[in-house]
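So the structure is just underneath, and the comments pick up after that.
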Amino acid sequence: MDIFECTIKQLNNWLHAGRVSSVEATRAMLERIESVEDRVGSFITRTPESALAEAAAADRRIASGNAHILTGIPLALKDIFLTEGIRTTCGSRMLHNFIPPYSATAWERLRDCGSVLLGKLNQDEFAMGSSNESSAFGVTRNPWDTARIPGGSSGGSAAAIAARQATATLGTDTGGSIRQPSSHCGCVGLKPTYGRVSRYGVIAFASSLDQVGPITRDVTDCAIMLGAVAGYDPKDSTSVNAPVPDYTAALTGDIKGLRIGLPKEYYIDGLDRDVQAAMDRAIETYRRLGAEFVEISLPHTDYAVATYYLIATAEASSNLARYDGVRFGHRSEQAEGLIDMMTKSRSEGFGAEVKRRIMLGTYALSSGYYDAYYVKAQKVRTLIMGDFTRAFEHVDAILTPVAPTPAFKIGEMVDDPLQMYLSDIFTIPVNLAGTCAMSVPAGFSASGLPIGLQLIGKPFGEETILRAGHAFEQATEWHMRKAEI
Amino acid sequence: MKISVADVEYVARLARLELNKAETDLFAGQMDAILGYVEKLNELDTADIRPTSHAVPVENAFREDATRPSLGVAKALANAPDKADSFYRVPKVIE
């Protein structure tokens with residue numbers, strides 16, 4: 001096996017057995033990135049020099065006997081995480097020249113573990129999109145079929161794992177932006193419970209929905225990464241002060257008696273045939289492992305997309321008001337006067353999808369429409385949360401598809417934003433409810449595209465879904481397949 | 001039509017966006033379709049439902065009112081498109 005194909009756990013073994021150094025592993029990864037990047041387009045910024053310096057420091061730390069499991073492991077971050085001294089664009093022309101003066105807490109924690117940063121990954125502009133096509137820095141291609149999208153908005157984070165350009169990555173998930181690309185690229189991706197991971201230094205899209213999480217080759221790596229970034233952060237007033245368990249200890253392989261809910265609203269007629277077949281097989285596998293299935297109802301599912309696109313755009317229009325050309329980011333050179341400078345800077349800096357969402361959000365918050373749209377959506381959000389609370393009185397986890405179809409073709413949906421929004425139907429309710437969920441590889445379509453299953457857990461129930469995901473992985477080989485790229 | 005070209009122009013002014021004719025027409029059609037879709041929320045009676053602003057109960061997060069290290073002027077100004085001394089510089093506000 002090549003170094004660049006290792007999981008965190010395997011590479012950690014090799015590093016500690018002296019089979020390879022972190023410098024050698026990092027060099028192998030940089031060469032791999034170089035050899036496939038023109039076909040994938042996962043990266044916006046690469047940092048080879050600082051990566052090799054960090055790897056050398058990691059080798060010294062391993063030699064001193066003071067290493068974390070992530071010491072010397074080459075990682076990459078979605079370009080939404082502030083990295084001090086390293087350009088951070090959020091996929092936008094607005095921030096094409098932005099060098100953050102401080103770092104996101106999630107990255108600081110990984111850096112303190114001694115991990116190595118290979119670079120910053122491509123994404124939809126300001127994390128708004130399901131395909132990575134809204135990036136101002138070129139499209140990212142799905143390593144399983146380069147005519148198709150990798151998913152979004154953490155498309156680069158998932159494509160980099162599938163193309164073996166990083167050992168693990170971080171993404172963010174506001175309406176499915178970790179789980180959907182993980183499903184489309186055959187990776188494991190977890191959106192933690194809201195408040196589990198600090199959002200400090202993560203460029204804000206919709207603050208009541210955004211959450212940070214890992215994208216990895218397998219569930220064990222996912223548990224390792226989550227353990228490293230989770231936990232209370234006084235710099236994020238919404239981070240929750242709850243102890244962080246050892247998530248790897250939850251991976252016992254034993255799920256006998258686990259009660260899994262199947263929401264009838266998610267198993268609909270329009271579901272892609274290959275996705276349905278993958279779910280049927282997954283249910284069979286879980287039965288064999290001793291899980292019990294319960295049919296449940298999440299009756300407000302059909303209202304989730306409408307609710308989400310009012311709340312998320314309203315919050316985005318407010319968050320993105322900060323980009324005014326005054327303190328950082330793009331400033332127009334054509335302007336006359338202050339207001340004109342702000343207006344032209346925003347109009348030149350933002351792409352079409354971001355403008356569309358700012359417009360929708362501004363409309364939903366504007367005088368005369370605030371109650372009819374924004375407050376109405378917040379009330380329906382209460383109903384959607386109630387659906388999950390009631391369901392979790394009867395079950396330990398919920399099993400659903402991640403996306404209604406495998407990855408679509410590049411360009412297929414760009415002219416129809418509403419259709420693109422509707423493809424997020426199975427992931428959005430989880431963000432509105434604030435709970436946790438993960439995508440685990442569960443099969444392939446007839447044309448060879450990966451299909452993921454989604455395990456939804458109770459709030460702060462990450463251990464249960466990780467255990468269930470791990471048990472599934474032990475019983476199947478989907479996660480072992482590799483994209484030919 | 002839920003939304004007219006004039007509505008789009010009004011909202012663009014509120015959002016400090018300058019749209020050309022093609023963008024205005026495109027957004028009018030797309031926003032109309034999306035706002036038409038979200039109308040479905042009116043099927044639900046929410047008269048007695050409390051709005052949710054955060055999934056996790058959030059309380060005011062207080063800290064000691066003590067001096068701590070901060071970013072500092074040089075770092076805060078490092079990304080400024082234009083600056084003078086320790087200030088951001090912007091076009092004239094009042095003519």
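Note on naming: letters A, B, ... go to the chains in the order of the sequence lines (proteins, then strands), and numbering restarts at 1 for each one. The shown structure was predicted, so the numbers you read here are calculated from the model rather than taken from an experiment.
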Taking the side chain as every heavy atom from C-beta outward, state whether A:T238 and B:V56 have any pair of such atoms under 4.5 Å apart.
-> no
How far apart are the C-alpha atoms of B:T52 and A:M385, what are their side-chain angles, what is the distance that settles it, and do they pass the side chain to side chain contact (heavy atoms under 4.5 Å, CB included) test?
-> CA-CA 9 Å; B:T52 295; A:M385 288 176 72; 3.5 Å; yes
Examine distances only and state if a side-chain atom of B:N79 and a backbone atom of A:I99 form a donor-acceptor pair shorter than 3.5 Å.
-> yes
Any donor-acceptor N/O pair, A:R346 side chain to B:A15 backbone, under 3.5 Å = yes
Sub-4.5 Å side-chain heavy-atom contact between A:Q378 and B:S53 | yes
Answer yes or no: is there a side-chain heavy-atom contact under 4.5 Å between A:H300 and B:L44?
-> yes
Evaluate the criterion side chain to side chain contact (heavy atoms under 4.5 Å, CB included) for residue pair A:M359 and B:I3; output intermediate values, then yes/no.
-> CA-CA 12 Å; A:M359 292 287 290; B:I3 190 159; over 6 Å; no
Decide yes or no for B:R13 and A:T343: does some side-chain heavy atom of the first lie under 4.5 Å from some side-chain heavy atom of the second?
-> no
B:A61 backbone acceptor or donor facing A:S237 side chain under 3.5 Å | no
Are A:E84 and B:K75 ion-paired here, with the side-chain N under 4.0 Å from a carboxylate O?
-> yes
Under 6.0 Å from the CD atom of B:E43, do we count more than 12 heavy atoms belonging to anything else shown?
-> yes
Is there a side-chain contact between A:K379 and B:L41, using heavy atoms and a 4.5 Å cut-off?
-> no
Taking C-beta and beyond as the side chain, do B:L14 and A:S366 meet within less than 4.5 Å on heavy atoms?
-> yes
Going through the checks in order, is the side chain to side chain contact (heavy atoms under 4.5 Å, CB included) test met by B:Y37 and A:L422?
-> CA-CA 10 Å; B:Y37 175 75; A:L422 290 170; 3.3 Å; yes
Interface moiety of B:R89 toward chain A, non-hydrogen atoms closer than 4.5 Å | backbone
